[in-house]
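The first residue of the sequence shown is numbered 1, and numbering continues consecutively from there.
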Amino acid sequence: MLTKIIEASKNFCIHQIRIDHEIIDELSNARTIIAYIDINMMNEKKSHRVYVAPTHGFAQRISTLLLEEDESDEETLMDMTLETANLIVGSAKVLSEETNENPFMINTPHFEKIDTFDFDYDEAKLVRVDNDEMIIAIKELD
């Protein structure tokens with residue numbers, strides 16, 4: 001499941017941010033803007049929570065890209081994090097449908113908090129663009 005979401009994250013970096021990125025296995029303890037979006041698997045009765053947690057700098061990159069704002073306020077960066085979750089998970093949904101690998105439905109993204117990422121997860125990766133980072137994590141829900 002995380003594979004398609006990471007593939008969508010890579011596509012986001014390549015086609016939207018347009019700066020080289022790297023995918024890292026070790027997560028950061030940096031302060032992040034944390035949002036999540038729940039997904040429901042279509043072929044099985046399972047749900048997962050996908051966390052998207054960019055650092056302030058990563059969220060500001062997105063705000064500059066989408067809104068042309070060089071210095072966004074905290075509320076705008078929270079909105080950009082929600083939009084990023086929607087874009088990445090929505091793209092992963094399309095990728096899953098195209099390959100018929102674990103197709104799923106997505107729900108509305110939700111803001112969680114601004115803090116270090118301290119949630120339980122099953123799998124996670126760190127996306128790094130220059131010195132800016134974004135955690136992508138997934139947790140199966142009961």
What is the distance from atom [atom1] of [X] to atom [atom2] of [Y], rounded to the nearest 0.5 Å?
X: Arg61; Y: Met134; atom1: CZ; atom2: CE; answer: 11.5 Å
X: Thr32; Y: Asn29; atom1: OG1; atom2: CG; answer: 10.0 Å
X: Lys113; Y: Phe119; atom1: NZ; atom2: CZ; answer: 4.5 Å
X: Gln60; Y: Thr55; atom1: CD; atom2: OG1; answer: 10.5 Å
X: Leu77; Y: Ser72; atom1: CG; atom2: OG; answer: 5.0 Å
X: Lys4; Y: Leu95; atom1: NZ; atom2: CG; answer: 6.0 Å

Can you check whether [X] reaches [Y] side chain to side chain, under 4.5 Å on heavy atoms?
X: Ile33; Y: Phe111; result: yes
X: Met78; Y: Ile114; result: yes
X: Lys10; Y: His21; result: yes
X: Ile62; Y: Phe12; result: yes
X: Val127; Y: Ile23; result: yes
X: Pro54; Y: Asp132; result: no

Just do the side-chain contact (heavy atoms from CB on, under 4.5 Å) check on Ser28 and Leu126 with the steps written out, would you?
CA-CA 7 Å; Ser28 166; Leu126 182 77; 4.2 Å; yes

Should [X] and [Y] be counted in the same cluster of Ile, Leu, Val, Met, Phe, Trp and Tyr side chains packed under 4.5 Å apart?
X: Val94; Y: Met42; value: no
X: Ile138; Y: Ile135; value: no
X: Ile106; Y: Ile88; value: yes
X: Val129; Y: Leu65; value: yes
X: Leu82; Y: Val50; value: no

Asp73 CG: over 12 foreign heavy atoms closer than 6.0 Å:
yes

Taking atom CD of Glu44 as the centre, report whether more than 12 heavy atoms of other residues, nucleotides or ligands fall under 6.0 Å from it.
yes

For [X] and [Y], work out which heavy atoms get closest and say how close.
X: Met80; Y: Ala59; answer: CB-O, 4.2 Å
X: Glu97; Y: Phe104; answer: OE2-O, 4.4 Å
X: Ile34; Y: Thr116; answer: CD1-O, 3.8 Å
X: Glu140; Y: Asp122; answer: N-OD2, 2.6 Å
X: Ile39; Y: Asn107; answer: N-ND2, 4.2 Å
X: Thr64; Y: Glu69; answer: OG1-O, 2.8 Å

Determine whether the aromatic ring centres of Tyr51 and Tyr121 lie less than 6.0 Å apart.
no

Would you say the side-chain atoms of Ser91 pair up with the backbone N or O of Leu87, donor to acceptor, closer than 3.5 Å?
no

Under 3.5 Å, is there a donor-acceptor pair between the Thr3 and Glu7 side chains?
no

Can you tell me if Thr76 and Asp79 form a side-chain donor-acceptor pair at under 3.5 Å?
no

Just to verify, which of Ile37, Thr108, Thr81, Val52 counts as forming a side-chain contact (heavy atoms from CB on, under 4.5 Å) with Asn86?
Ile37

